[in-house]
Protein chains: 2
Amino acid sequence: MTEGKNPLPKPGSPVRGSQSGQPIMVLFDLLSRRWALGVLWNLSDQNRTFRDLQARCGSASPSVLNTRLKELRAVGLVEKAADGYALSQTGRALFSRLEPLGDWAMKWVPTL
Amino acid sequence: MTEGKNPLPKPGSPVRGSQSGQPIMVLFDLLSRRWALGVLWNLSDQNRTFRDLQARCGSASPSVLNTRLKELRAVGLVEKAADGYALSQTGRALFSRLEPLGDWAMKWVPTL
DNA sequence: TGTATTGCTACTATAATAGTAGCACAATAA
DNA sequence: TTATTGTGCTACTATTATAGTAGCAATACA
């Protein structure tokens with residue numbers, strides 16, 4: 001790695017040591033941060049307040065949730081609305097690719 | 001949380017403080033561990049050795065990679081083959097739901 | 001003028017990961 | 001037989017991320 005920290009994905013730069021810089025790895029890096037997927041998922045059906053999200057994201061501490069929300073807003077997946085946080089149009093596009101995981105998880109998780 | 005650590009998802013128990021226990025959250029918890037998505041992705045086209053995976057997963061340290069592989073094997077997404085690690089049938093089923101993210105990332109990431 | 005709710009920030013403790021070294025084993029070469 | 005090389009790890013320390021808790025400023029409402 002040529003850089004020290006990587007708090008946020010930035011144009012053209014790889015993220016958190018993913019090195020390759022392949023788009024999918026950049027995306028994976030973002031999504032593999034704690035509660036990132038959960039936030040996107042919980043915003044998919046309706047806008048939610050900070051504390052609502054917190055409640056739905058299990059034990060997410062406010063500091064982490066806030067960090068995650070900042071990141072997701074910084075990359076334009078989430079935005080603020082009058083009634084709380086919301087998925088942006090881009091966020092919704094991403095969610096539509098995530099959605100199939102829901103059905104699959106419902107079938108698979110019980111088999112664990 | 002009523003339990004201390006949560007090294008592996010177990011039947012019927014929520015994971016890493018996801019509390020709700022919703023299948024999708026259990027899955028998200030698993031996938032949001034470092035390099036989990038990367039491993040699945042890199043195994044999708046061919047089997048790979050430990051060191052090959054390591055190289056493809058950026059700076060993944062062997063200890064973490066090994067932990068991740070153990071977890072993914074424990075839940076039956078990955079298995080060992082003669083020529084290294086491989087996606088199981090279940091793993092391939094999951095990957096097919098993940099795959100659309102690749103195309104999307106290629107369009108989206110450059111806009112960051 | 002309280003009182004409650006919300007969106008945070010700050011701080012400490014713990015868990016996860018990075019980074020590095022190195023060992024046991026198998027295959028290959030000399 | 002003895003190197004030599006490559007591979008799959010394990011062990012250990014340093015750093016980073018997250019959990020868990022407290023609390024404050026702002027707004028809404030009573």
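Being a predicted model, the structure only gives us computed values, none of them experimental.
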Revision key, fill the gap. The contact string for nucleotides 5-12 of chain C, one letter per nucleotide 5' to 3', using protein heavy atoms under 4.0 Å with B, S and - for base, sugar-phosphate only and none, comes out as -BBBB---

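Note: CZ (A:Arg34) to C1' (C:dT17) measures 14 Å, nearest angstrom. Taking atom CH2 on A:Trp35 and atom C1' on C:dA15, their separation rounds to 14 Å, with Å as the unit.
Listed by chain and residue number, A:Val109, B:Pro23, B:Ile24, B:Leu27 satisfy the side chain to side chain contact (heavy atoms under 4.5 Å, CB included) test with A:Ala105 (two or more places apart in sequence, or in another chain). Scanning for side chain to side chain donor-acceptor pair (under 3.5 Å) contacts around A:Arg48 gives A:Asp45, A:Asp52, with sequence neighbours left out. In terms of the side chain to side chain contact (heavy atoms under 4.5 Å, CB included) criterion, residue partners of B:Thr90 (sequence neighbours excluded) are, by chain and number, A:Trp104, A:Trp108, B:Leu77, B:Ser88.
In terms of phosphate contacts, B:Arg68 brings a side-chain nitrogen or oxygen within less than 4.0 Å of OP1 or OP2 of C:dT17.
Here the side chain of A:Arg68 pairs a donor or acceptor atom with the backbone of A:Arg34 at under 3.5 angstrom. Between the B:Asn66 side chain and the B:Pro62 main chain, no donor and acceptor come within less than 3.5 Å of each other.
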Table of protein N/O atoms under 3.5 Å from nucleotides 27-30 of chain D N/O atoms:
none

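Applying the side-chain hydrogen bond (donor to acceptor under 3.5 Å, both in side chains) test to pairs two or more places apart or on separate chains, those with a residue in residues 73-85 of chain A are A:Asn47-A:Asp83.
B:Trp35 has its ring centre no less than 6.0 Å from the ring centre of A:Phe28.
Annotation for B:Ala36 and B:Leu31: closest pair CB-O, 3.9 Å, computed over non-hydrogen atoms.
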